[in-house]
Amino acid sequence: MLHSRAFRITLMSVAIVVVVALVAVVVAAVVVVRRPLPQTGGTVTIPGLSADVTVTRDARGIPTIGAASTHDLFMAQGFVAAQDRFFEMDYRRHVTAGRLSELVGENEDALEADKVIRTFGWRNVAEQEWQLLEPSTREALQAYADGVNAYLKGKAPSQIALEYTVLGLQVHVGSPEPWDPIDSLAWLKAMAWDLRGNYDDELERATTYGSVRDVAKVDELFPTYPQDLNAPILAAGDETITTQTALHTDEVDLGGDAVQAAFAQAQAAMDAVPHLLGVGEGIGSNSWVVSGDLTADGHPILANDPHLGISAPGIWMQVGLRCTTVSSGCPYDVSGFSFAGFPGVVIGHNADLAWGLTNLGADVTDFFLERVDGNRTQRDDEWEPITTRTEVIKVNGGDDVTIEVRETAHGPIVSDVLDLAAVSDAPLPDGSARRGYEVALAWTALAPGRTADAVISIDLAKDAEDIARVGRLLEVPSQNIVFATADGHIGYQAPGRIPVRAAVVGDVPSDGTWPRPGWDSAYDWQGYVDSEQMPHATDPEDGFIVAANQQVTPAGQGPFLTKDWDYGYRSQLIREGLEDLLADGHKVTVADMNTLQTDEHNPFADVLVPSLLALDIDDPYDDDGQELLRTWDHVSSADSAAAAYFAAVWSTLLRLAFADDLPDGHGPDGGSRWLEVVRGLLDDPDSPWWDDRTTPGVVEGRDEVLTRAMVTARNELTVQLGTDATDWRWGRLHTAAPEHPVLGGSSIPGLVRDFVNPDPIAVGGGSSIINATAWNASEGYDVTAAPSMRMVVDLGDLDSSTWVNLTGSSGHPASNHYADQFGAWAAGETFPWPFTSAAVTADASRRLILRPEAASSS
């Protein structure tokens, strides 16, 4: 299954062919490997341009595009994106259209992904969105597509990307289809999917209940946000609206075999979707903005580092988009981070305003448990027909696969998508007949919206009013927007299309944290939160705003957004770090912000180490790890022996305390929720959670489990890192290893894999640490999500701003810019980010002129 990793094709059947081919290629490596590298100097003729466009590139290959018209600017952006990253774009559009099997051939994972995404209908929704968009947005999307197609015209696949050459050893590879604006819109659905909020927690509650059969025990694993410990984004006193509380339905046995089977099949379908941005604990971001009253130059400073999955190439493309003369006819002068395949800049700054994004994590999905009878589903006292449509999946080199997609009033049925064992029939409560259960998905992104307008509009934003308008357009995914203006203001805006649920159904509270009974219309969504009620703030009294996936407003204030927040340990470290910097009247600088972004203080250690040190370990060998903790500064740096030991203790503790109670395959990931669970249990040494149910007749308590975790961790690290505990290093366990999404997996021949995957780098940090190099405690120590980029913007001197990308600007493995920023990123270093015309010109190392066809021929 795909789970938390990007999709990787299996080429075992051609491994020998590939190795032999690569040996032969050594002689002609320049031809085969470097052939796709784009032209970055001189002149290229592009039909459709109205005037010359200049593309300069700096020493890291980052393009700045200068054009006289909006049309030419976005057309050139599409051309440059295709130059650098077309295969990435092509892969993404195959995924988002449910056509991955067309690209890679017969592959079980690809086919399952196609089935689920066709069931969601991402591309169908994108097609409906086209007519909702502003004409200017449609023009930008079309110009971008025209630029992509201008680059593709006349090129063989081997001239476009090395990946096509490798794929061609197994499947037929023809010329890529022309890029369509809908391909860009469909990408927004993948972005929304990976940042959708709490659906994992909702299903996990339901499946955990199948094991423990106790709602109160399940609730203990999903504690309330500790707002007295970790501050929300906004302080008390802004707006007060109603909140909602949890659903514990007694209308159906959630632990029944038929219901649990339906949940398991829904989970399998969710796991089959490739995660193009990342998934799991660690998918979030840091952002903060500081008022000019508190900075050295008297102007605001904004910092942002989105935490997403790591891949090669990295998720972001850096780019500058400049109208040669900024006017109402050509208003763009913006620089920042974009997505290959979509016009504009997603995160960055213009001359007037800088903005950062973090995932708000609003609850925008609900699973509805449906009572079904054949092709009917129960709605109150009636039975309604399930709507159906047929989808045909073409398989490169194989037979077509036909599926029937079924939808209820709530959304597509996801529990019958994959070819798994059928859900057992079960009688309805009145015993009248044996009928089955299915699970349907309601998700705000399955209704067409105007997020594309928001992406284009934010590039032109100048003030809080403009950001508020962007917030009304940015429907999915819901993001925290922090911003700062050149004239000295800072602010926050929560956007998003957030469902309104009935606060109480009868006497049963309802909030979407558990699957909902689809047969009771009282549990249906009641509409969406009014955008005017979404939380926002400008120029707060304390002079800074921190938005790092924590709770947005204090409990009881603002509209109900979700109960499943990040638990705020990382955001609180940022807040305290800023307060420490500002102590004694210090004025913060860009350098201060860069340092804070890479802070590696571990809040897990603050909570757990005192309890670990209070225990006695008699054996002098067993206590070597514990001795490391006595002098540890709680900093999880790559060279720390204590950090390595503590990580091993943490993962072992979670396994000992919880694995026996949770469903198979649902081990604790070790993120902030589990830190809050353990923090609560430390004060309850006799809690049943400490007891290991696999040891009948023996009841373990807190101290025994903590001691066993320390001794076990010592033994495990001895095997992995050696006998001498002082020689252990966190970075030897914890490595960042970006992988190519198609050719980077373990099933690929080593020569190919080593070429497309950058060499792994040992890193510090970890889950819920400001330097958020997350890892999954139930799977190992490798980095699963990380700061996908880092930026710090100085609104007083934009040329003093800094940035760094995870890997590099290019998607071509043979390019010097494929991973030339990776080492700096791992070391916590950044690069200058020039913005003014003079600075960009001085920084340019390559210059390409894109010339209209008529001008070239004259």
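Computed from heavy atoms alone, side chains included, the values below leave out hydrogens, waters and symmetry copies. Residue numbers count from 1 along this sequence. This is a predicted model, so every value here is computed, not measured.
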Is a side-chain N or O of [X] found less than 3.5 angstrom from the main chain of [Y], in a donor-acceptor match?
X      : Y      : result
Ser287 : Ala547 : yes
Thr807 : Phe822 : no
Ser788 : Pro306 : yes
Ser184 : Gly341 : yes
Asp183 : Asp180 : yes

Using distance alone, with no hydrogens and no angle criterion, decide if [X] and [Y] have a side-chain donor and acceptor under 3.5 Å apart.
X      : Y      : result
His71  : Gln142 : no
His740 : Asn757 : no
Asn594 : Thr802 : yes
Asp794 : Ser800 : no
Thr836 : Asp799 : yes
Asp305 : Asn286 : yes
Asn480 : Thr358 : yes
Gln318 : Gln821 : yes
Asp453 : Thr137 : yes
Ser809 : Arg60  : no
Arg469 : Ser457 : yes
Gln128 : Asn124 : no
Asn359 : Gln479 : yes
Thr444 : Arg497 : no
Ser335 : Trp833 : yes

Value rounded to 0.5 Å, distance of [atom1] in [X] from [atom2] in [Y]:
X      : Y      : atom1 : atom2 : result
Ile65  : Met75  : CD1   : CE    : 12.0 Å
Arg450 : Glu129 : CZ    : CD    : 11.0 Å
Trp355 : Ile481 : CH2   : CD1   : 10.0 Å
Gln83  : Leu850 : CD    : CG    : 7.0 Å

Cation-pi check, [X] to [Y]: give yes when NZ or CZ is under 6.0 Å from the six-membered ring centre and within 45° of the ring axis, no otherwise.
X      : Y      : answer
Arg322 : Tyr332 : no
Arg85  : Phe339 : no
Lys155 : Tyr151 : yes

Quiz item: Which word best sums up how the rings of Phe120 and Trp193 line up, parallel for under 30°, tilted for 30 to 60°, or perpendicular for over 60°?
Solution: tilted

Quiz item: Which word best sums up how the rings of Phe337 and Trp316 line up, parallel for under 30°, tilted for 30 to 60°, or perpendicular for over 60°?
Solution: perpendicular

Quiz item: Between Phe87 and His812, does the ring centroid distance fall short of 6.0 Å?
Solution: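 No: the rings miss the under 6.0 Å criterion.
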
Quiz item: In terms of heavy-atom contacts, does CG of Asp759 have more than 12 from other residues, nucleotides or ligands at under 6.0 Å?
Solution: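 It does not: Asp759 CG has 12 such atoms or fewer within range.
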
Quiz item: Is it true that Glu127 and Arg123 make a salt bridge, defined as a side-chain N closer than 4.0 Å to a carboxylate O?
Solution: yes

Quiz item: Going through the distances and angles, do Ile458 and Ile467 end up as a side chain to side chain contact (heavy atoms under 4.5 Å, CB included)?
Solution: CA-CA 7 Å; Ile458 202 168; Ile467 290 295; 4.2 Å; yes

